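These notes are about the structure you will find just below.
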Amino acid sequence: MSWSEFIYFAAGSLILWYSGTLLLYRAKKALWGNLLIVAGLTLFASFIAILWSSMDHPPLRTMGETRLWYSLFIVLVGYVTYLRWRYKWLMAYSVVVSTVFVLVNILKPEIHTANLMPALQSVWFVPHVTVYILSYAMMGAATIAALIALWREEGKEGDLFALIDNLIFIGFGFLVAGMLMGAVWAKEAWGDYWTWDPKEVWAFITAASYLVYLHASYAGISKRKALIIIPLAFIMLMITWLGVEYLAVAQESIHSY
Amino acid sequence: MAGESKGKQETFISELLFILAVTIAGFALQFVTGALDFSIFASPVNIMLAALLLALAFVKPATTVGRFGSGKVSVILLVSITLMSLYMGLVPGNDVKHSWPFAFTYLMIMANLALTMGRRLRNFKLKRDYSFMLNHFGLFILLVAAGPGSADMQRYFMRVSEGQTEWRGEREGSQTPEELPLAIALKDFSMEEYSPRIALIDKATGETQPSGKPSLLESIEGSEGVISEWAVVVDTFDYRPRMAPRAFITATRKADNTVTSGWVSCGNHFQPFSVLDVSERLCFAMTFPEPKKFTSDVVVYTKSGIEKKGLVEVNKPLTAGSWKVYQYSYDTRAGRDSEISVFELVYDPWIKLVYTGIILVMLGSLTLFWKGGKKE
Ligand code: HEM
């Protein structure tokens with residue numbers, strides 16, 4: 001078993017996920033939708049399991065291998081969130097994001113063999129990055145919802161407030177989890193959990209901005225006015241995200257090891 | 001009604017003024033004494049500060065001090081620390097993290113958290129308050145241990161040769177060795193590398209071919225591949241101790257079946273590299289082998305009598321008491337032949353509390369996931 005068989009497993013899983021998600025939208029067939037999604041998850045996970053057992057180490061070393069895990073986890077968490085909150089669109093969204101990662105792995109296979117410097121070879125790498133991506137997805141959705149709510153006339157926001165708050169709370173949970181896993185990892189790799197390097201500073205700014213939103217009602221800021229904080233915080237998130245990319249490149253060029 | 005809300009407004013303004021005054025005092029101190037010397041928080045000051053902050057949890061909410069635990073105060077403080085960290089993240093070369101106003105704001109946040117926890121504890125209902133408590137108590141512990149607590153952290157670097165035992169280390173940022181309360185005996189240093197790779201290089205620009213989408217061949221005996229219009233075979237691969245890796249490769253141009261073969265090597269600190277020319281413009285070369293893993297087999301001794309054997313690797317430090325030993329570096333000129341290992345030694349007596357805080361806040365984020373935006 002190797003990467004050359006990936007395309008069959010991936011195509012199978014994606015077909016199951018797309019048709020399952022489509023069936024979720026038809027309330028009567030929700031059971032079939034659930035079954036197909038779980039089947040897709042199982043199929044995808046079995047590729048990872050087989051690949052794992054055919055290698056002498058868990059497939060966690062190359063960028064291609066980490067993308068493999070994102071593709072699975074994004075759908076998994078999207079699905080668990082759907083089970084809890086019944087947001088079908090979030091399920092659909094996570095399948096689309098997963099598709100992007102699967103396509104990158106199929107179309108840019110040369111990246112599978114990229115070498116991972118020792119500091120990146122950590123059990124924290126995948127959960128840390130995956131959880132951040134999930135948070136990013138939630139906050140992206142919340143930002144869109146907030147912009148829609150602001151666009152609407154005051155008083156006609158409907159149930160958008162409840163949706164936005166749910167997304168921000170869940171997304172913030174992921175954001176904090178990602179940050180703390182990063183801290184634990186940094187401690188293991190470099191001996192310090194927090195050094196205020198630029199990437200950490202921006203992660204902090206992002207979290208603090210969302211905290212302002214979470215606590216805004218205490219300062220007498222109306223729900224509607226508080227919505228303005230969301231796109232601002234999302235800009236901070238984007239800067240952190242691009243900063244992380246930039247720093248990942250910068251790290252590879254440091255020859256301190 | 002109107003009178004009541006006016007009263008609230010006034011107290012709110014007094015808290016705002018207080019925060020403003022403390023922040024301005026911070027700027028004044030910064031102006032007069034320069035950056036905050038963090039070592040003033042070293043034990044026992046940080047322990048006393050932590051106790052003082054915890055004591056705030058017993059202050060009655062309705063008092064002047066107690067009102068500082070309100071949600072309004074938290075919003076002002078959060079906005080303030082966000083602005084300061086924006087400055088930290090935007091202006092190059094600043095030292096905000098060691099500045100008085102930043103430290104004072106951090107302090108006020110800890111106070112606000114302690115007070116608000118105390119208020120909630122007075123009338124605690126598990127089902128209503130568990131999420132709040134995990135998040136705010138966890139964060140409080142984390143902020144105390146990672147802030148003032150970290151003033152007790154010590155960090156040294158130690159170079160040890162194979163077969164030697166070393167007691168001395170250099171403090172971060174200093175060159176003078178000091179005797180430490182722990183010693184490291186290095187039994188063996190070993191290193192695994194990724195295989196070097198064969199690349200086709202444009203001699204004028206140094207760019208790896210095909211340009212924009214470089215293709216590389218792993219340099220292992222027998223590996224075959226296509227790079228641009230050449231079919232390449234690695235006939236032999238030779239990598240002996242103290243020698244640079246080298247490979248004998250055969251490249252066949254597909255258009256006219258011309259065959260070129262010869263040795264390529266990336267060289268090392270002592271030997272020159274060699275390339276195989278295939279045209280005026282292009283040559284085959286070997287990339288440096290990248291480190292995959294480096295490991296030190298050590299015994300750590302502490303003055304208190306702990307003896308600990310084990311392997312130290314990047315991402316896998318060894319713990320001995322309150323010390324952690326990290327694999328930091330090696331003799332990079334010798335690469336995998338290095339007979340020296342460099343360790344980073346970190347002493348951090350508050351680390352357990354940091355992890356406690358991290359675990360509590362992690363559990364807190366799980367509760368957020370579960371509860372969503374529903375207000376209790
Ligand atoms: C992990 C980070 C944090 C999370 C998830 C969080 C979440 C929350 C939530 C959900 C509430 C509302 C509770 C309710 O409605 O009953 C709240 C209240 C509050 N938070 Fe936070 N918060 C965090 C950090 C902070 C920080 C850093 C501060 C201080 C600057 C703070 C100060 C407060 C205060 C004062 C209240 C009001 C409590 C009350 O009036 O009963 N929180 N927080």
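Computed over heavy atoms, backbone and side chain alike; hydrogens, waters and symmetry mates excluded. What you are looking at is a predicted structure, and each value in this text was computed from that prediction instead of being measured. Numbers restart at 1 for each chain; the letters A, B, ... are given by sequence-line order, proteins then strands.
- For A:Glu188 and B:Lys324, the salt-bridge test passes: some basic side-chain N is under 4.0 Å from an acidic carboxylate O.
- Atom-to-atom distance recorded for A:Ile205:CD1 and B:Leu90:CG is 6.5 Å, nearest 0.5 angstrom.
- With A:Tyr193 contributing its side chain and B:Tyr355 its backbone, the two residues share no donor-acceptor pair below 3.5 Å.
- Looking at A:Phe161, there are no atoms closer than 4.5 Å to chain B (heavy atoms on both sides), in backbone or side chain.
- Rounded to the nearest 0.5 angstrom, B:Ile76 CD1 and A:His215 NE2 are separated by 13.0 Å.
- For chain B, no part of A:Ala162 is nearby; none of its heavy atoms comes within less than 4.5 Å.
- The contact between B:Ser85 and chain A is made by backbone and side chain atoms together, counting heavy-atom distances below 4.5 Å.
- Two residues are said to be in side-chain contact when any heavy atoms from C-beta on lie closer than 4.5 Å; B:Val346 and A:Lys187 meet this criterion.
- Of the atoms belonging to B:Val73, not a single heavy atom falls under 4.5 Å from chain A.
- For a residue to count as touching a neighbouring chain, one of its non-hydrogen atoms must lie under 4.5 Å from one of that chain's; by this rule A:Met181 touches chain B with backbone and side chain alike.
- In this structure, the separation between CG on B:Asn94 and CH2 on A:Trp196 is 11.0 Å, given to the nearest 0.5 Å.
- Rounding to the nearest 0.5 Å gives a distance of 9.5 Å between CG of A:Leu175 and OG of B:Ser365.
- When side chains are defined from C-beta on, A:Val176 does not count as touching B:Met362, because their heavy atoms never get closer than 4.5 Å.
- Atom CD1 of residue B:Ile81 and atom OG of residue A:Ser209 lie 12.0 Å apart, to the nearest 0.5 angstrom.
- To the nearest 0.5 angstrom, B:Lys97 atom NZ is 6.5 Å from A:Thr195 atom OG1.
- Taking 4.5 Å as the limit, some side-chain heavy atom of B:Arg155 sits within range of a side-chain heavy atom of A:Asp192.
- Of the listed residues (B:Thr367, B:Asp348, B:Asn135), the one with the most heavy-atom contacts under 4.5 Å to chain A is B:Asp348.
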